[in-house]
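When a residue number appears, it is its place in the shown sequence, counting from 1. Below, all heavy atoms of this structure are taken into account, side chains as well, without hydrogens, waters or symmetry copies.
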Amino acid sequence: MKHEFLDLIKQRRSRYDLTNQSTLPKDEIVQLLEQCVLHTPSPFNSQSTRVLLLCGARQAQFWQLVKHELQSIIPPENFAPTEEKLSAFAAAHGTILFFEDQRVVEALKAQFPTYKDHFAYWSNQANALTQFAVWTSLAENGMGASLQHYNPLIDLEVHRQFHVPLDWKLIAQMPFGVPLSKHAPDKTFLPVKERVLVACP
């Protein structure tokens, strides 16, 4: 059995100790994203996933808007831990926003009414596959990342400030960069024999 891909999966971890450094120039990060978006499978080959790469001042702008929106719902006396976390994300090299194009999803519902109740779930599954492909590819290139979900609180401001089409539904946010430490924290696992069943004669 070949292990290269499995080794990459093991290498991917949630990393929060991110710097503003990158092991890849911007054009190669863009190529990485393009290849993941192109070749990640989607239901009915719908290709509904969209991404937005934010770097530099635009990355700082994004986390500032997240901070502003959260300040509207978190009391000032309780905001310090949240502010610390957001500052860590803002210190990363960049952030990738993942969206699903609802025009595609609605068109599939109309075209295949038998499955209309499932397309929203399948759309999210396709997006998760893309997130995993990007995350693993970043890890392969020596970078760390984590996955955040400040939507839907930030959705309107994201569309307004970054001119994202209104039909793009925000799904997740992925800050990334070179980690401060070479070693990812240990991860605990439930017994795999309780999670994988085999019914092969």
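If you check the side chains of Gln59 and Asn20, you find no donor sitting under 3.5 Å from an acceptor. Checking Gln161 against Gln61 by side-chain atom types alone, a donor-acceptor pair falls below 3.5 Å. Side-chain contact, Asn127 with Gln131: a donor N or O sits under 3.5 Å from an acceptor N or O. Donor-acceptor pairing under 3.5 Å is lacking for the side chains of Gln47 and Thr49.
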Begin with the C-alpha distance, continue with both residues' side-chain angles, and end with the deciding distance and a verdict on side chain to side chain contact (heavy atoms under 4.5 Å, CB included) for Val178 and Thr23.
CA-CA 7 Å; Val178 175; Thr23 61; 3.7 Å; yes
Side chain to side chain contact (heavy atoms under 4.5 Å, CB included) between Trp168 and Gln102: does it pass, once the steps are laid out?
CA-CA 6 Å; Trp168 290 19; Gln102 298 307 295; over 6 Å; no
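Counting only distance, with no hydrogens or angles, the side chain of Asp17 and the backbone of Ser181 share a donor-acceptor pair below 3.5 Å. Formation of a donor-acceptor pair under 3.5 Å by the His159 side chain with backbone atoms of Pro165 is found in this model. A donor-acceptor distance shorter than 3.5 angstrom exists from the side chain of Arg13 to the backbone of Lys10, with no hydrogens or angles considered. Between the side chain of Ser22 and the backbone N or O of Gly177, no donor-acceptor pair lies under 3.5 Å. A donor-acceptor pair is defined here as one N or O able to donate and one able to accept, closer than 3.5 Å; such a pair exists between the side chain of Ser72 and the backbone of Glu69. For the pair Thr130 (side chain) and Ala126 (backbone), a donor-acceptor distance under 3.5 Å is present. Judged by distance alone, with hydrogens and angles left aside, the side-chain atoms of His3 form a donor-acceptor pair with the main-chain N or O of Met1 at under 3.5 Å. Judged by distance alone, with hydrogens and angles left aside, the side-chain atoms of Ser46 form a donor-acceptor pair with the main-chain N or O of Pro43 at under 3.5 Å. Distance alone, capped at 3.5 Å, is enough to place a donor-acceptor pair between the Thr40 side chain and the Cys36 backbone.
In plain terms, the two heavy atoms of Ala110 and Pro113 that are nearest each other are O-CD, 3.7 Å. Contact between Leu86 and Val66 at its shortest, heavy atoms only, is CD2-CG1, 3.8 Å. In terms of heavy-atom proximity, Ala145 sits nearest to Met174 at CB-CG, 3.7 Å. Across all their heavy atoms, Leu180 and Thr19 have their closest contact at CD2-CG2, 3.4 Å. Nearest heavy-atom pair, Ser146 versus Gln148, reported as atom, atom and distance to 0.1 Å: OG-NE2, 2.9 Å. The shortest non-hydrogen separation linking Val158 to Val164 is O-CG2, 4.1 Å.
Phe99 and Val37 are members of different hydrophobic clusters when ILVMFWY side chains are connected at heavy-atom separations under 4.5 Å. A continuous path of ILVMFWY side-chain contacts below 4.5 Å connects Leu147 to Val134, so both sit in one hydrophobic cluster. In this structure, Leu54 is a member of the same hydrophobic cluster as Leu153, with clusters built from ILVMFWY side-chain heavy atoms closer than 4.5 Å. Following chains of ILVMFWY side-chain contacts shorter than 4.5 Å, one can reach Leu33 starting from Phe176, so the two form part of one hydrophobic cluster. Tracing side-chain contacts under 4.5 Å through hydrophobic residues (I, L, V, M, F, W, Y), one reaches Ile96 starting from Met143; they form part of the same cluster.
Within 6.0 Å of the CG atom in Leu156, the count of heavy atoms belonging to other residues, nucleotides or ligands does not exceed 12.
Between Tyr115 and Phe112, the ring-plane angle classifies as tilted under the 30° and 60° cut-offs.
Here Ile154 contributes atom CD1 and Arg160 contributes atom CZ; the two are 13.0 Å apart, rounded to the nearest 0.5 Å. Atom CD of Glu4 is separated from atom CD of Glu140 by 10.5 Å, given to the nearest 0.5 angstrom. If you take CZ on Arg58 and CZ on Phe162, they are separated by 5.0 Å, rounding to the nearest 0.5 Å. Note that OG of Ser123 is 14.5 Å distant from NE2 of His118, once rounded to the nearest 0.5 Å. Put simply, OG1 on Thr136 and CG on Asn141 are 11.5 Å apart, with the number rounded to the nearest 0.5 Å. The distance from atom CG of Leu6 to atom CD of Gln11, rounded to the nearest 0.5 Å, is 12.5 Å.
The existence of a salt bridge linking Glu100 and Arg50 is excluded, since no basic side-chain nitrogen approaches an acidic carboxylate oxygen closer than 4.0 Å.
Residues Cys55 and Leu53 meet the side-chain proximity criterion, which asks for heavy atoms closer than 4.5 Å. Looking at Phe62 and Leu97, their side chains come closer than 4.5 Å, going by heavy atoms from C-beta outward. A heavy-atom distance below 4.5 Å is found between the side chains of Leu18 and Arg15.
Ring pair Phe132/Trp135: centre-to-centre distance not below 6.0 Å.
His149 meets the ring pair (Phe, Tyr, Trp, His ring centres under 6.0 Å) test with no other residue; sequence neighbours excluded.
The ring pair (Phe, Tyr, Trp, His ring centres under 6.0 Å) pairs that include a residue from residues 68-92 are Trp63-Phe89, where partners are two or more places apart or lie in different chains.
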